[in-house]
Protein chains: 2
Amino acid sequence: MQESTLKTPGYSDETTKRQGNVYDANCPTRQLLDRIGDKWSVLILLLLGEHDMRFNELKKRIGGISQKMLSQTLRSLERDGLVCRHVIPTRPILVSYAITPLARELLSSLGGMMIWAETHMKEVRSAQERFDRNS
Amino acid sequence: MQESTLKTPGYSDETTKRQGNVYDANCPTRQLLDRIGDKWSVLILLLLGEHDMRFNELKKRIGGISQKMLSQTLRSLERDGLVCRHVIPTRPILVSYAITPLARELLSSLGGMMIWAETHMKEVRSAQERFDRNS
DNA sequence: CAGCATCCATGACGATACTG
DNA sequence: CAGTATCGTCATGGATGCTG
């Protein structure tokens, strides 16, 4: 994604229709990997899966995120229909973010991933050390 | 990760022990997201989940990957203990890659993700178009 | 066949400052 | 509080050419 625009770089109708082949460079499902791939989307979705949250709440809970990246990522997720933005017109304004039903389906796989990480990261680390010793 | 080294940038013993908090910037599980995050790891793991494959076989099946990225990603995956490299000493040499049991556990979550993508990408695209119209 | 080395562009991301 | 704008950095990854 470019810094200044959110537009999708245009798949042809032909490639858009052809679903299912993840390994095709033009397959729209590659977009999912791009979204999952960015540094923060998964973390945000996971948190919003717990309960709705306001901007600064998210910012506090996610260690190391800048507000630029938080707002940028939230907008991408909103654009994709994965996150819902709700403005509460108080003064000062409050903004609450929620996960959509669409994203909630994705969440179970995402959760599985993180559980795998938490339970197997030790094995990964020792594999890394073994690898580094023999090289 | 740097271009020239695979070394992990050193978490303190204290943070290494503390498992489970993905939202902590120093949590080792962030590594998983980094690995998942790179453009090709998931695709490679998914393919190797089908059956073992040789280098050029992978290259052919994954649209758009360069051999630089393929070999680089394979080495990272091997270092993490997710992929196993096996050299067949013929001439010319053949190299076969396989998934490890450790990675196979991860694969079910990854597979779930891709299925989600393949079934819901249409909704995502229409959400994007809706979003783009109102802005 | 299965890579490694090098060069280079782009874009992801962080830091900082400012606003309704 | 919840952002936007701008600037700079550095890593990601593509292209190309070479090797055992």
Side-chain angles (χ1 to χ4, degrees), chain A residues 1-9 25 30-31 33-44 48 52-79 83-98 135, chain B residues 1-9 25 30-31 33-44 48 52-79 83-98 135:
Chain A
M1 193 198 326
Q2 245 169 359
E3 189 89 357
S4 48
T5 172
L6 286 165
K7 296 270 185 284
T8 310
R30 282 276 179 98
Q31 292 189 323
L33 290 176
D34 289 353
R35 179 86 28 257
I36 297 307
D38 69 34
K39 212 172 173 180
W40 306 110
S41 293
V42 173
L43 257 17
I44 292 177
L48 291 180
D52 301 4
M53 273 187 206
R54 281 178 306 101
F55 189 88
N56 273 347
E57 227 172 322
L58 282 165
K59 182 152 166 34
K60 254 171 251 161
R61 298 242 353 225
I62 302 179
I65 197 172
S66 65
Q67 87 266 72
K68 175 187 170 180
M69 288 320 295
L70 181 54
S71 78
Q72 200 172 109
T73 308
L74 282 169
R75 215 172 334 119
S76 294
L77 291 171
E78 193 196 355
R79 184 174 110 98
V83 149
C84 209
R85 195 183 111 111
H86 184 231
V87 180
I88 307 152
T90 53
R91 190 176 353 250
I93 286 171
L94 299 182
V95 181
S96 176
Y97 290 91
S135 63
Chain B
M1 196 196 325
Q2 245 168 2
E3 189 91 357
S4 48
T5 173
L6 285 165
K7 295 270 185 286
T8 310
R30 281 277 178 98
Q31 291 188 323
L33 291 176
D34 289 353
R35 179 87 25 258
I36 298 307
D38 67 36
K39 213 172 172 178
W40 306 110
S41 293
V42 173
L43 257 16
I44 293 178
L48 292 180
D52 300 5
M53 273 187 205
R54 280 179 307 102
F55 189 88
N56 274 347
E57 227 173 322
L58 282 166
K59 180 151 165 38
K60 255 171 252 163
R61 299 243 352 227
I62 302 179
I65 196 170
S66 65
Q67 90 259 80
K68 175 189 170 180
M69 288 320 294
L70 181 54
S71 79
Q72 198 172 108
T73 309
L74 282 170
R75 215 171 336 117
S76 293
L77 291 172
E78 193 196 354
R79 184 174 109 99
V83 149
C84 208
R85 195 182 111 110
H86 185 229
V87 180
I88 306 152
T90 53
R91 190 174 354 250
I93 286 171
L94 300 182
V95 181
S96 177
Y97 289 92
S135 61

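The figures here come from the full heavy-atom set of this structure, side chains too, leaving out hydrogens, waters and symmetry mates. This structure is a prediction, so every number in the text was calculated from the model and none was measured. To find a chain, count down the sequence lines: A is the first, B the second, and so on, and within it residues start at 1.
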Which nucleotide, C/dG14, C/dG3, D/dG3, lies nearest any side-chain atom of A/Y97? D/dG3

Rounded to the Å, how far apart are A/L58 CG and D/dA2 C1'? 12 Å

Closest-nucleotide ordering on DNA chain C, the 5'-leading residue of A/P92 and A/K39: A/K39

To the nearest angstrom, how far is A/K59 atom NZ from C/dA15 atom C1'? 11 Å

Is B/K68 near enough to C/dT6 that one of its side-chain N or O atoms lies under 4.0 angstrom from OP1 or OP2? no

Within this structure, what is the CG-to-P distance between B/L70 and D/dT12, rounded to whole angstrom? 17 Å

B/D38 CG - D/dA11 C1' separation (whole Å): 12 Å

So, does A/R91 get its side chain near the phosphate of C/dG20, meaning an N or O under 4.0 Å from OP1 or OP2? no

Quick check: does any side chain N or O of A/T73 sit under 3.5 Å from a backbone N or O of A/W40, one acting as donor and the other as acceptor? no

Can you list everything that forms a salt bridge (charged side-chain N to carboxylate O under 4.0 Å, His left out) with A/R61? Sequence neighbours excluded, please. A/E50

B/S71 side chain N/O closer than 4.0 Å to the phosphate oxygens (OP1, OP2) of C/dC4? yes

Between A/R79 and A/S76, is a side-chain contact (heavy atoms from CB on, under 4.5 Å) present by the stated rule, with each step listed? CA-CA 5 Å; A/R79 184 174 110 98; A/S76 294; 5.6 Å; no

Measuring from the side chain of B/V95 (C-beta onward, heavy atoms only), which nucleotide among C/dC1, C/dG3, C/dA17 has the closest atom? C/dG3

Checking contacts here: which listed nucleotide (D/dG3, C/dC13, D/dT16) is nearest the side-chain heavy atoms of A/M69? C/dC13

Taking only the side-chain heavy atoms of A/R85 (C-beta and beyond), determine which of C/dC13, D/dG3, C/dA2 contains the nearest atom. D/dG3

Side chains of A/L58 and A/L74: does their closest heavy-atom pair fall under 4.5 Å? yes

Rounded to whole angstrom units, what separation is found between the CD atom of B/Q72 and the P atom of D/dT12? 8 Å

Whole-Å gap separating P (D/dT12) and CD1 (B/I36): 15 Å

Report the residue (A/I93 or A/I65) whose heavy-atom-nearest nucleotide on DNA chain C is the more 5′ of the two. A/I65

Counting side-chain heavy atoms from CB outward, which of D/dG17, D/dA2, C/dG14 is closest to A/N56? D/dA2

For D/dG3 and A/R75 - does any side-chain N or O of the residue sit under 4.0 Å from the phosphate oxygens OP1/OP2? no

How long is the line joining CD1 of A/I88 and P of D/dG3, in whole Å? 11 Å

Please determine whether a side-chain nitrogen or oxygen atom of A/R54 lies at a distance below 4.0 Å from atom OP1 or OP2 of D/dA2. yes

So side chain to side chain donor-acceptor pair (under 3.5 Å) across residues 84-97 of chain B, not counting sequence neighbours, yields none

Which whole-number value in Å describes the distance from A/Q67 CD to C/dG14 C1'? 10 Å

